[in-house]
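Values below: every heavy atom of this structure, side chains too, minus hydrogens, waters and symmetry copies. Keep in mind that this is a model prediction, so the values were computed, not measured. Chain identifiers are assigned alphabetically (A, B, ...) following the order of the sequence lines, protein sequences preceding nucleic acid strands; residue numbering begins at 1 within each chain.
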Number of protein chains: 2
Amino acid sequence: MEPTDTEKRILKAAMLVFERDGFLGARMQVIADEAGISKASLHYYFRTKEKLFDRIFDDYTASIIPLLSTWEDGTDDWQPKVKHFVKELMRVFSESSLLFMAQELHRDPKKLEPRMAKRRTGPNPFLTYYESLRAKGLVRDTDPRPLLVAMQSLCAYPSMNPKMLAGSLRMNAKEYDAFITSYADDAADLLVRMMQK
Amino acid sequence: MEPTDTEKRILKAAMLVFERDGFLGARMQVIADEAGISKASLHYYFRTKEKLFDRIFDDYTASIIPLLSTWEDGTDDWQPKVKHFVKELMRVFSESSLLFMAQELHRDPKKLEPRMAKRRTGPNPFLTYYESLRAKGLVRDTDPRPLLVAMQSLCAYPSMNPKMLAGSLRMNAKEYDAFITSYADDAADLLVRMMQK
DNA sequence: AAACATCTTGACCAGATGGTCAAACCAAAT
DNA sequence: ATTTGGTTTGACCATCTGGTCAAGATGTTT
């Protein structure tokens, strides 16, 4: 079944509201208003708030989790890969949603954690890729797990907590946006530095 | 006026509930239950939900913002300072609250941003400290702002989004906790690598 | 013990909230 | 024109929510 136009408008509105107000704070009436339909219509498409939330959350996991695994093809020329990956990651994260997912995972881990786990298969591709480079002596001889954490941190945090970072940098929203654009390159360089021999 | 015992219990309970459910999702009855008093008593101490929230939020800013400025004393021996700072930062962040602050700043920036700004005075101490080291040729000759972002990212993200990171590392909560303890040293080392000539 | 100030609470209220439903609407098929 | 199927909605409901208040408890001063 293709999603109808109305359904798409609902999903877009629901993303906006859930992201800003969280599952508990989101109001069905507000989502309906944002989508330009009545609350009864909203309930016609998604019988309950929870079903609508589940759809949004699962769409996010479906779009983010696979991204975290784009290290499959095994060229040894790793530096361009890092740069490309960092850019991709930051682009996706900049459309928010990570803060939302973290918050909801924190609020109801029992329900939401298994749902994310379902999307992951096998060991983490970055870790295995790094180990293969390490065996060939092409990168620094170190445990790649802190590097994985660092990579996700550098890419995710600036878009998750922009207000606080902008404050530390004494920037307004506009200056911060411009800064973050160029930051993608800096982050990639820093990561290369972490991995280099 | 010293905070009474009951007031302390209220604040502790409110932190727990606000952190988990957010301002919109938090329920005064739940906070009262958690504090072991009646809802009416809760309203006796804090007339409205908003006043209670403001108190919690301001307490957090008061405890976090000053921490971001512990680069005052100007020894040129910067490496131990980085290590010490990273440990301090991660210790404070590990008691959660950052996710909460980011979420609330995202939900109502107009109200909350000025409140954080009030705590900050002058330029960022890390940036000026790095510039002084840079002028003496003791560190890498580079714009320190991406380094500041990297530092906060490395320290903040692992405690803000533990579930997703643990998933990437294919760890359960217990393994992740153990990993993060040792990660503090790794993060400090990575930061030193970023700053070294 | 009486007067006083400070806490504590059950009962209550007005407004909001998720969800339901019968009636109306509308386009395509007959 | 009428039927048929999916879609839309105003009105409605039970329950929940932040907040109030009068009455009582508790402790301190005189």
### Task
Can you tell me the distance, in whole Å, between the CZ atom of A:Arg9 and the P atom of D:dT7?
14 Å
### Query
Is a donor on one side and an acceptor on the other found under 3.5 Å between the side chain of A:Glu175 and the backbone of A:Asn172?
yes
### Plane angle bin for B:Trp71 and B:Phe85 - parallel if under 30°, tilted between 30 and 60°, otherwise perpendicular
tilted
### Task
Mind listing the residues from residues 35-50 of chain A sitting with a heavy atom below 4.0 Å of DNA chain D? Number order is fine.
A:Ile37, A:Ser38, A:Ala40, A:Ser41, A:Tyr44, A:Tyr45
### Message
Going by side chain to side chain donor-acceptor pair (under 3.5 Å), name the pairs with one or both residues in residues 118-132 of chain B, residues two or more places apart or in two chains.
### Response
B:Thr61-B:Arg119, B:Glu131-B:Arg134
#### Entry: Value in whole Å for how far the C1' atom of D:dT8 lies from CD of A:Glu7
15 Å
### Message
Among residues 25-34 of chain B, which ones have heavy-atom contacts with DNA chain C below 4.0 Å?
### Response
none
### Task
To the nearest Å, give me how far apart CD1 (A:Ile10) and P (D:dT7) are.
11 Å
### Message
Expressed as a whole number of angstroms, how long is the span from B:Leu52:CG to D:dT17:C1'?
### Response
15 Å
### Query
Is the shortest heavy-atom distance from the side chain of B:Lys83 to the side chain of B:Asp189 under 4.5 Å?
yes
### Task
Using a cut-off of 6.0 Å, state whether more than 12 heavy atoms not belonging to A:Lys81 lie near its atom NZ.
yes
### Task
Apply the test side chain to side chain donor-acceptor pair (under 3.5 Å) to residues A:Tyr60 and A:Glu19: give CA-CA distance (whole Å), side-chain angles for both, the deciding distance (0.1 Å), then the verdict.
CA-CA 11 Å; A:Tyr60 276 140; A:Glu19 230 170 65; 2.5 Å; yes
### Task
May I ask you to check whether over 12 heavy atoms, not counting those of B:Arg115, lie within 6.0 Å of atom CZ?
yes
### Task
Keeping the roles fixed (side chain from B:Lys49, backbone from B:Phe23), state whether a donor-acceptor pair exists under 3.5 Å.
yes
